[in-house]
Amino acid sequence: MSVLSVNCGSSSIKLAVFETHGAECLFRIQLDLNGRTYDETMTEALNQLFVWSHQAQPIEAIGHRIVHGGEIFQKPTVINQEVIDGITSVSSLAPLHNPIGLLGIKRLQEAFPEQTHVAVFDTAFHQTLPERAYLYAIPQKLYRDYGVRRYGFHGLSHRFVSQEAEKRLSLPPSTSRIITAHLGNGCSACAVLAGKSIETTMGLSPSEGLVMGTRSGDVDPGLHSFLAEKLGLNLSEIQSLLNNESGLLGLSELSSDVRELEAASDRGHAQASLALEIFAYRLARQIAGLCVPLNGLDALVFAGGIGENSSRLRQQVAQWLSHLGLELDDTKNQNHGIHHNGIISTETKPAIMVIPTDEESLIARETAQKMSH
Ligand code: ADP
């Protein structure tokens, strides 16, 4: 079956077509918004897709990545009006992300009115978190009445790379203990036990946890009232400060891009070096914390633009975690593990791996599975 995967992010639109029987990718494009409107970018993406699909085979089903499914959506779901209403109803939990996903559904339904559309949720993989991991220590009325809890994100990526790691290392599926670090523009890490997410670093929104490109990650909840009282900032200004002006950008006062920061650090830019050090340190601290529910570790996997490309970041993180037995092979790390099935550690256990994430392929696989039921 040929399935189109639609992955609408806040800065880019990714479309890919897979022949799902053989998991073969037939077509793939990524268009960055680069100042254009979302609609303009989608129009160009669809034009490119139509040029291709007129020459190649027709598309039979469409899978859409939707960031937030709340507690309503625990697995891939065929899209109808009720599902659209459900996605809309949890949009307040992901105000930057869900509306984009809904816009993607609307445009693709117009373009492919006859085909089945399936929603695949980023939060769904984390619906196996136990209560002790997903509840905040706040009045429980907020959870019961408003769904205030930890949801976790990047579920497609964590699932894809943990499955890959399990397969490549031939780990026994019923006991495998894997930590995945998805490090792109947004960053999160996840503890995966026997194929199930049991803890993750993001929470109610994709702001909790690790230091990210422009997001602060964890801060003292007291910071918000401090900023309001001292600086007179309102809620949306605080939100914007913590989401768009913080993280690597806020720390370095230079860039949110790890490539630029590494180059600046090599030229002796002290603030760039410090920003990278804090990024690695906070990540290492969280990874060590994720070992608690796993009660041990078989593999640590790096993914996402930073995780897949920055040997320096991986080296800094591994250094902090050497007491867990993690030990990099410097040459394999420099080569991102490409000649060694993704493995960048020495012969010691646990394994350290680099696995390029492929959310689009998982969207296609899950969509095809849903269609076959
Ligand atoms: P998204 O979350 O939008 O999908 P990506 O996974 O593509 O983002 O990650 C983007 C980030 O990856 C960039 O901001 C950059 O910091 C980092 N990155 C990309 N290439 C490299 C590289 N060669 N070395 C270090 N970092 C890189």
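Both counts, for ligands and for their atoms, begin at 1 and track the order of listing.
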Chemist: Would you kindly specify which portion of K14 sits under 4.0 Å from ligand 1, judged on non-hydrogen atoms: side chain, backbone, both or neither?
Modeler: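 Side chain only.
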Chemist: Would R132 and E199 count as a salt bridge (Lys or Arg N to Asp or Glu O under 4.0 Å) here? Give the steps.
Modeler: CA-CA 9 Å; R132 62 174 171 267; E199 181 57 281; over 6 Å; no
Chemist: In terms of side-chain heavy atoms, does Q334 have a donor or acceptor partner in D330 at a distance below 3.5 Å?
Modeler: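 Absent: no donor and acceptor within the cut-off.
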Chemist: Determine whether more than 12 heavy atoms belonging to other residues, nucleotides or ligands lie under 6.0 Å from atom CD of E110.
Modeler: yes
Chemist: Run the side chain to side chain contact (heavy atoms under 4.5 Å, CB included) check on F279 and L261 step by step: do they pass?
Modeler: CA-CA 12 Å; F279 182 90; L261 293 176; over 6 Å; no
Chemist: Compare all side-chain heavy atoms of S188 with those of F153 and state whether any distance is below 4.5 angstrom.
Modeler: no
Chemist: Before signing off on this row, confirm whether N185 and ligand 1 have an N or O atom pair separated by under 3.5 Å.
Modeler: yes
Chemist: Are M212 and ligand 1 in contact, using a heavy-atom cut-off of under 4.0 Å?
Modeler: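 Contact check M212 vs ligand 1: negative.
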Chemist: Could you identify the single nearest non-hydrogen protein atom to atom 15 (C) of ligand 1 and state the distance to 0.1 Å?
Modeler: D257 OD1, 3.4 Å
Chemist: If you measure from atom 13 (C) of ligand 1 to every heavy atom of Q30, E359, R259, which option wins on shortest distance?
Modeler: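 Shortest heavy-atom distance from atom 13 (C) of ligand 1: R259.
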Chemist: Consider every N or O of V258 and every N or O of ligand 1, then say whether any pair is closer than 3.5 Å.
Modeler: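 For ligand 1, there is an N or O atom that lies under 3.5 Å from one belonging to V258.
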Chemist: Indicate the ring-plane relationship of Y134 and Y143, choosing parallel, tilted or perpendicular according to the 30° and 60° boundaries.
Modeler: tilted
Chemist: Please report which non-hydrogen protein atom sits nearest to atom 17 (C) of ligand 1, along with the residue it belongs to and the distance in Å to one decimal place.
Modeler: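 Going atom by atom, the protein heavy atom closest to atom 17 (C) of ligand 1 ends up being I306 CG1, 3.5 Å.
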Chemist: Please determine if G305 has a nitrogen or oxygen closer than 3.5 Å to a nitrogen or oxygen of ligand 1.
Modeler: yes
